[in-house]
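Each residue takes its place number in the sequence, starting with 1. Note that ligands are numbered from 1 as they come in the structure, with each ligand's atoms numbered from 1 the same way.
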Amino acid sequence: MISVKDAIAQIRLHTNLLSPVNLPLQKALGLVLAEDIFALVSVPSFPQSAMDGYAFRYADYLRAKEFTVSGEVAAGDAATVSVAPNNAVRIFTGAAVPNDLDTVVMQEKTEILNNELIVKDEALQKGSNVRTEGSEIKKDEIALWKGTVLSPAAIGFLAGVGVAEVSVHPKPSAHIIVTGNELQERGKPLQHGQVYESNSVMLQTALQQLGINSVAVTHVTDDVNILQEALNAALKKAELVLLTGGVSVGKYDFVLQAAKACGVKQLFHKVAQRPGKPLYAGTKGKKIVFGLPGNPASVLSCFYNYVTVTIEEFTGRKNLLERKQVRLQQDFKKKISLTQFLKAVYTADGALPLQAQESFRLSSFSIANCLVVLPEEAREYKEDETVEILCLPYL
Ligand SMILES: Nc1nc2c(c(=O)[nH]1)N[C@H]1C(S)=C(S)[C@@H](COP(=O)(O)OP(=O)(O)OC[C@H]3O[C@@H](n4cnc5c(N)ncnc54)[C@H](O)[C@@H]3O)O[C@H]1N2
Ligand code: MOO
């Protein structure tokens, strides 16, 4: 049996960045740049007014604070206006400041008297309210470095420098295979001995929450040949294969056998943890297969602890889930010598483990926002002790 730490290290060691692809900006949210991106234009690409007001030459302003208003430039106007000495133009935010003019006064700091513009701005300086060409970034400068995670702001910034497509490490496509003769589809009546199949939709939405939308689902019965066929098919299409159930030692637990027959090389089977002790992971080329222990809370606990690590390695994202040291809000007697993940709620007051920790129960997970991670040693934890939590993602 391998430790949690070593299991995570094995995953990191055997999974790599997915090869870069070019994607339009609207498809690149949350992805990591595979190369430096250079500005295709300067921003702004012309001297630009930052205010609605009037533009003039500062030298004229020093002579007299009055101007004749002799024209107008709005945002988007392409024509260049020539402006005579001691004249000003009405200008609007975002408009190109005419050649030779260097200063803009906001309209609130002016008055029109007898058709003359009077400027009343004590703080006015040469260049006030004019964004010089390239003051944000100059053409051909690096806009964003390789490795940057594309947030909405980063995507907006790249759009502004003229970029339409970026080279990024893609998110993996995923395939979920749920195994078990006892599983019944939602909407159909349950026969004695059946349970509603809940792992696939839970994993699908857990993947969705991390931006992975390319997810196929196959349901197989406890038959090693059918499972092997399903796994082979999944490995042809997806980089990330998540099986649930069939990974323990029962007569009908065929995941290990099927994985081996499909040429998957085992990284580990059985991790010193609860829940999810029978967890299996293996790789085939650049692809990874997880055999998630079928109990629903084990499935999800293993997803957050291990599948997220794989997604980090595939995409180049770091720390998809935040880890924090927080105060434990009540005593907890840890009886087992395995790493234990406790469904808990954390607030500014600390982390409070919930009732219903058993791995067949999802009621506590449904209201949890973190997992408290207690290391292998069995001991009593006291209220106010500092513990580590793994924060769950939220929408
Ligand atoms: N003799 C032993 N028995 C078990 C051990 C062990 O070490 N020795 N480990 C236990 C632990 S811990 C877990 S976890 C489970 C894992 O077993 P499997 O991965 O083989 O899972 P199954 O037996 O197929 O299912 C377990 C449980 O979960 C329900 N299930 C499975 N898939 C779904 C699904 N898609 N939707 C809803 N519920 C699902 C299934 O009906 C079972 O109740 O093994 C223990 N046994
Ligand atoms: O690990 Mo199992 O998930 O404890 O029941």
Side-chain angles (χ1 to χ4, degrees), residues 1-4 7 174-188 190-207 215-224 226-227 230-231 234 241-260 264 266 268-282 289-307 334-343 353-366 368 371-374 376 378:
M1 197 156 52
I2 186 172
S3 69
V4 168
H175 199 122
I176 298 165
I177 302 174
V178 291
T179 69
N181 290 345
E182 74 280 25
L183 306 177
Q184 177 61 296
E185 282 176 41
R186 289 187 298 287
K188 295 194 173 162
L190 275 190
Q191 306 300 324
H192 184 67
Q194 290 188 322
V195 296
Y196 282 123
E197 195 284 297
S198 58
N199 286 342
S200 64
V201 72
M202 180 173 70
L203 284 174
Q204 251 178 314
T205 50
L207 287 161
V215 184
V217 178
T218 310
H219 177 183
V220 301
T221 49
D222 292 319
D223 177 306
V224 68
I226 298 175
L227 178 56
L231 181 53
V241 180
L242 305 179
L243 296 125
T244 82
V247 82
S248 182
V249 294
K251 185 175 163 198
Y252 300 101
D253 293 335
F254 295 126
V255 165
L256 266 73
Q257 198 182 327
K260 199 168 177 189
V264 178
Q266 181 175 311
F268 55 80
H269 177 222
K270 292 190 183 156
V271 180
Q273 62 180 2
R274 180 173 293 164
K277 190 161 120 190
L279 175 67
Y280 164 90
V289 177
F290 283 98
L292 304 170
N295 280 311
S298 302
V299 166
L300 201 56
S301 188
C302 290
F303 178 88
Y304 290 130
N305 279 293
Y306 303 96
V307 180
K334 180 170 180 290
K335 298 179 190 147
I336 48 167
S337 298
L338 299 168
T339 298
Q340 195 166 4
F341 300 105
L342 297 173
K343 279 72 79 179
L354 295 161
Q355 297 299 313
Q357 292 291 337
E358 298 90 333
S359 64
F360 76 101
R361 309 179 68 169
L362 279 176
S363 53
S364 53
F365 229 138
S366 304
L371 296 174
V372 174
V373 185
L374 300 178
E376 284 186 20

**Student:** How close do Val271 and Ala7 get, heavy atom to heavy atom, and via which atoms?
**Tutor:** CG2-CB, 4.2 Å

**Student:** May I have all residue pairs that pass side-chain hydrogen bond (donor to acceptor under 3.5 Å, both in side chains) and include part of residues 270-282, sequence neighbours excluded?
**Tutor:** Gln273-Tyr306

**Student:** Write down the atom of Thr205, the atom of Val201, and the distance for their closest heavy-atom approach.
**Tutor:** OG1-O, 2.8 Å

**Student:** Under the salt bridge (charged side-chain N to carboxylate O under 4.0 Å, His left out) test, which residues partner Glu358, sequence neighbours left out?
**Tutor:**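 In terms of salt bridge (charged side-chain N to carboxylate O under 4.0 Å, His left out), with neighbours along the sequence ignored, Glu358 is linked to Arg361.
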
**Student:** Of the protein's non-hydrogen atoms, which lies at the shortest distance from atom 34 (C) of ligand 1, and what is that distance?
**Tutor:** Asn199 ND2, 3.1 Å

**Student:** Give the residue and atom name of whichever protein heavy atom lies nearest to atom 35 (N) of ligand 1, and the separation in Å to one decimal.
**Tutor:** Glu197 OE2, 2.9 Å

**Student:** With only distance considered, is Gly246 within less than 3.5 Å of ligand 1 through an N or O on each side?
**Tutor:** yes

**Student:** From atom 27 (C) of ligand 1, work out which of Asn295, Asn181, Thr244 has a heavy atom at the shortest distance.
**Tutor:** Asn295

**Student:** By number and element, which atoms of ligand 1 are closer than 4.0 Å to a non-hydrogen atom of Tyr196?
**Tutor:** 36 (N), 37 (C)

**Student:** I need the nearest protein heavy-atom contact for atom 41 (O) of ligand 1: residue, atom name and distance, please.
**Tutor:** Glu182 OE2, 2.6 Å

**Student:** Rounded to the nearest 0.5 Å, what separation is found between the CG atom of Leu190 and the CD atom of Glu185?
**Tutor:** 12.0 Å

**Student:** For ligand 2, output the ligand-protein N/O contacts shorter than 3.5 angstrom; if there are none, return none.
**Tutor:**
{"from": "ligand 2", "atom 1": "1 (O)", "to": "Gly276", "atom 2": "N", "distance (Å)": "2.3"}
{"from": "ligand 2", "atom 1": "1 (O)", "to": "Lys277", "atom 2": "N", "distance (Å)": "3.2"}
{"from": "ligand 2", "atom 1": "3 (O)", "to": "Gly276", "atom 2": "N", "distance (Å)": "3.1"}
{"from": "ligand 2", "atom 1": "3 (O)", "to": "Ser298", "atom 2": "OG", "distance (Å)": "1.9"}
{"from": "ligand 2", "atom 1": "3 (O)", "to": "Ser359", "atom 2": "OG", "distance (Å)": "3.3"}
{"from": "ligand 2", "atom 1": "5 (O)", "to": "Asn295", "atom 2": "ND2", "distance (Å)": "3.1"}
{"from": "ligand 2", "atom 1": "5 (O)", "to": "Ser359", "atom 2": "OG", "distance (Å)": "2.3"}

**Student:** About how many Å separate OG of Ser200 and NE2 of His219, when rounded to the nearest 0.5 Å?
**Tutor:** 8.5 Å

**Student:** Which heavy atom of the protein is the closest neighbour of atom 31 (C) of ligand 1, given with residue, atom name and distance?
**Tutor:**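 Its nearest protein heavy-atom neighbour is Gly294 O, 3.5 Å.
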
**Student:** Could you list the atoms of ligand 1 found under 4.0 angstrom from a heavy atom of Pro293?
**Tutor:**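 So the answer, numbered in order with elements, is 14 (S), 16 (C), 19 (O).
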
**Student:** Below 3.5 Å, N or O to N or O, backbone or side chain included: is there any such pair between Ser298 and ligand 1?
**Tutor:**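 No, no N or O pair falls under 3.5 Å.
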
**Student:** Distance check, rounded to the nearest 0.5 Å: Thr221 atom OG1 versus Phe254 atom CZ?
**Tutor:**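 That separation rounds to 9.5 Å.
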
**Student:** Short list, please: which atoms of ligand 1 are under 4.0 Å from a heavy atom of Val249?
**Tutor:** 1 (N), 2 (C), 8 (N)

**Student:** Where is the tightest heavy-atom contact between Asp222 and Glu182, given as atom of each residue plus distance?
**Tutor:** OD2-OE1, 4.2 Å

**Student:** Give, for atom CG of Asn305 and atom CG of Leu371, the distance between the pair rounded to the nearest 0.5 Å.
**Tutor:**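 Going from the CG atom of Asn305 to the CG atom of Leu371 covers 6.0 Å.
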
**Student:** So, for Gly282 and Val264, which heavy atoms are closest and what is the spacing to 0.1 Å?
**Tutor:**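 Here Gly282 and Val264 meet closest at C-CG1, 3.5 Å.
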
**Student:** Is the count of non-hydrogen atoms from other residues, nucleotides or ligands lying under 6.0 Å from Phe268 atom CZ greater than 12?
**Tutor:** yes

**Student:** Determine, using heavy atoms of Ser198 and all atoms of ligand 1, whether some pair is separated by less than 4.0 Å.
**Tutor:**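 Within the 4.0 Å threshold, so yes.
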
**Student:** How does Val247 reach ligand 1, if at all, at less than 4.0 Å between non-hydrogen atoms: by side chain, backbone, both, or neither?
**Tutor:**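 The answer is both.
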
**Student:** Can you check whether Val195 has an N/O within less than 3.5 Å of an N/O in ligand 1?
**Tutor:**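 Between Val195 and ligand 1 (N or O atoms, distance only) the closest approach is not under 3.5 Å.
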
**Student:** Give the contacting part of Val255 toward ligand 1: side chain, backbone, both or neither, where contact means a heavy-atom distance below 4.0 Å.
**Tutor:** neither

**Student:** Only heavy atoms count here, so choose which of Ser248, Gly291, Gly180 is nearest to atom 3 (N) of ligand 1.
**Tutor:**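 Minimum heavy-atom distance to atom 3 (N) of ligand 1 goes to Ser248.
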
**Student:** In the protein, which heavy atom is nearest to atom 38 (N) of ligand 1, and how far is it?
**Tutor:** Pro296 CG, 4.0 Å

**Student:** Can you list the ligand 1 atoms lying under 4.0 Å from a non-hydrogen atom of Asp253?
**Tutor:** 20 (O)

**Student:** If I take atom CD1 from residue Ile2 and atom CG from residue Leu279, how far apart are they, to the nearest 0.5 angstrom?
**Tutor:**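 Interatomic distance, Ile2 CD1 to Leu279 CG, rounded to 0.5 Å: 9.5 Å.
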
**Student:** Return the residue, atom name and 0.1 Å-rounded distance of the protein heavy atom closest to atom 11 (C) of ligand 1.
**Tutor:**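 Residue, atom and distance for the closest contact: Pro278 CG, 3.8 Å.
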
**Student:** Would you give the length of the straight line joining atom OG1 of Thr179 to atom CG of Leu227, rounded to the nearest 0.5 angstrom?
**Tutor:**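 So the gap between those two atoms works out to 6.5 Å.
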
**Student:** If you measure every N or O of Ser359 against every N or O of ligand 1, does any of those distances drop under 3.5 Å?
**Tutor:** no

**Student:** Let me check something: any side-chain donor-acceptor pairs from residues 294-303 under 3.5 Å, sequence neighbours excluded? List them with distances.
**Tutor:**
{"from": "Asn295", "atom 1": "ND2", "to": "Ser359", "atom 2": "OG", "distance (Å)": "3.3"}

**Student:** Which heavy atom of Asp253 sits nearest to which heavy atom of Ser248, and what is that distance?
**Tutor:** OD2-C, 3.1 Å

